[in-house]
Amino acid sequence: MAFETLSVTSPREHVLLVTLDRPERANAFNTLMAREMVALWGEIRAGERAARAIVLTGAGERAFCAGADLKERDGMSEAEWHEQHKIFEAMSYGIMESPAPVIAAVNGAAYGGGCELVLAADFAYAATNARFALTEVSLGIMPGIGATQKLPRVVGPSRAKEILTTAQPFTAEEAESWGLVNRLFPLDELLDAALDAASRIAANAPLAVSAVRKAADAAGDLPLKEGLALELQHYYGLIDSEDRMEGIRAFNEKRKANFKGG
């Protein structure tokens, strides 16, 4: 389907570039954008849009995403707010449960729900001028699409509570040092760096990439012995795959593997 608030392109083989495209509103997500994000990830899960890796970024140089569009929320009834938030939840969970790895390329401000979209991704790169904040408590609300659960797992409980309760912005350098983003780049190099990483992921065996993501996602929630058992479950599940056999053949024939995802 065509989208009004998203730009979706395929700049590299097996890679999707998804751009939040409301620069006049700092790429804040309104109900329409959230619905379109849910629809897009539905197409990806259904195989209607082929992708082995996805880059998520914002249009322009001002913002990655300023979070929920508060102008749209002005005057909403409780029932309308509840209904809208269910769509926002589905948007965030769609990214978290994406069948293909998602890299956030944070090109500017990532505030509120925008910071939560960064946390929903598998990992993030950021421009050196990017800024981050979770400002919800200053508005009488709290994060509701993942931050209170994802942020402590990324930066530690004490740091997370400082960020969540003070509502103070922090810099890209701080985000990197705390582990919220993996690497920093000048703004004009950011997108290429994220696409390069996506291309490297896309060149690997899709079933193996999926398996390591699932095992790594479970690592913070399982005791070590159970985690190791889960790792072996995924490991043995790959042995009979065509991709495993192709990978070994390609290595011994000194050529690039041609993985099919089977």
Side-chain angles (χ1 to χ4, degrees), residues 1-74 76 80-122 124-125 127 145-146 187-188 190-199 201-202 206 210 261:
M1 64 179 286
F3 300 109
E4 293 183 35
T5 66
L6 305 174
S7 170
V8 184
T9 60
S10 299
R12 307 280 183 89
E13 187 177 13
H14 302 305
V15 173
L16 277 187
L17 172 61
V18 179
T19 304
L20 308 177
D21 197 9
R22 299 184 74 219
E24 73 285 354
R25 296 291 302 141
N27 300 318
F29 49 81
N30 57 5
T31 304
L32 177 60
M33 179 184 281
R35 288 188 188 279
E36 291 188 338
M37 289 275 277
V38 172
L40 172 61
W41 256 271
E43 292 176 2
I44 293 167
R45 285 194 303 274
E48 296 169 13
R49 288 186 188 262
R52 294 185 183 179
I54 301 164
V55 174
L56 177 65
T57 193
E61 299 181 359
R62 174 185 171 196
F64 170 75
C65 177
D69 189 336
L70 297 183
K71 284 192 174 182
E72 185 185 47
R73 282 184 153 182
D74 189 26
M76 274 188 176
E80 290 169 334
W81 191 294
H82 277 284
E83 190 61 31
Q84 184 197 54
H85 199 268
K86 290 177 183 177
I87 302 166
F88 290 175
E89 293 164 31
M91 171 187 65
S92 181
Y93 298 160
I95 297 170
M96 291 185 206
E97 297 167 2
S98 174
V102 179
I103 304 169
V106 187
N107 57 301
Y111 279 25
C115 190
E116 291 185 279
L117 295 184
V118 176
L119 287 163
D122 287 81
Y125 293 165
I145 54 173
L187 179 59
D188 61 354
L190 171 67
L191 190 55
D192 279 342
L195 289 170
D196 287 345
S199 292
I201 292 170
S210 176

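Atom set for the values below is all heavy atoms of this structure, side chains included, hydrogens, waters and symmetry mates excluded.
Taking the side chain as every heavy atom from C-beta outward, Gln84 and Glu72 approach each other to under 4.5 Å. Side-chain contact between Leu20 and Met33: present, with at least one pair of heavy atoms (C-beta onward) separated by less than 4.5 Å. Residues Ile54 and Ile103 form no side-chain contact, since every pair of their non-hydrogen atoms from C-beta on lies 4.5 Å or further apart.
For Phe29 against Cys65, the heavy-atom pair with the smallest separation is CD2-SG, 3.6 Å. Here the shortest heavy-atom pairing between Ala50 and Leu16 reads O-CG, 4.2 Å. Ala197 and Tyr125 get closest at one heavy-atom pair: CB-OH, 3.7 Å.
Under a cut-off of 6.0 angstrom, the local environment of CD in Glu4 is sparse, with at most 12 non-hydrogen atoms contributed by other residues, nucleotides or ligands. Open room surrounds CZ on Arg35; 12 or fewer heavy atoms of other groups in view lie less than 6.0 Å from it. For Glu61, the CD atom is loosely surrounded, since the number of other residues' heavy atoms within 6.0 Å does not exceed 12.
Donor-acceptor pairing under 3.5 Å is lacking for the side chains of Ser199 and Glu13.
Qualifying salt bridge (Lys or Arg N to Asp or Glu O under 4.0 Å) partners for Asp21, counting only residues two or more places apart in sequence or in other chains: none. Legend: residues meeting salt bridge (Lys or Arg N to Asp or Glu O under 4.0 Å) with Glu97, ordered by chain and number and at least two apart, are absent.
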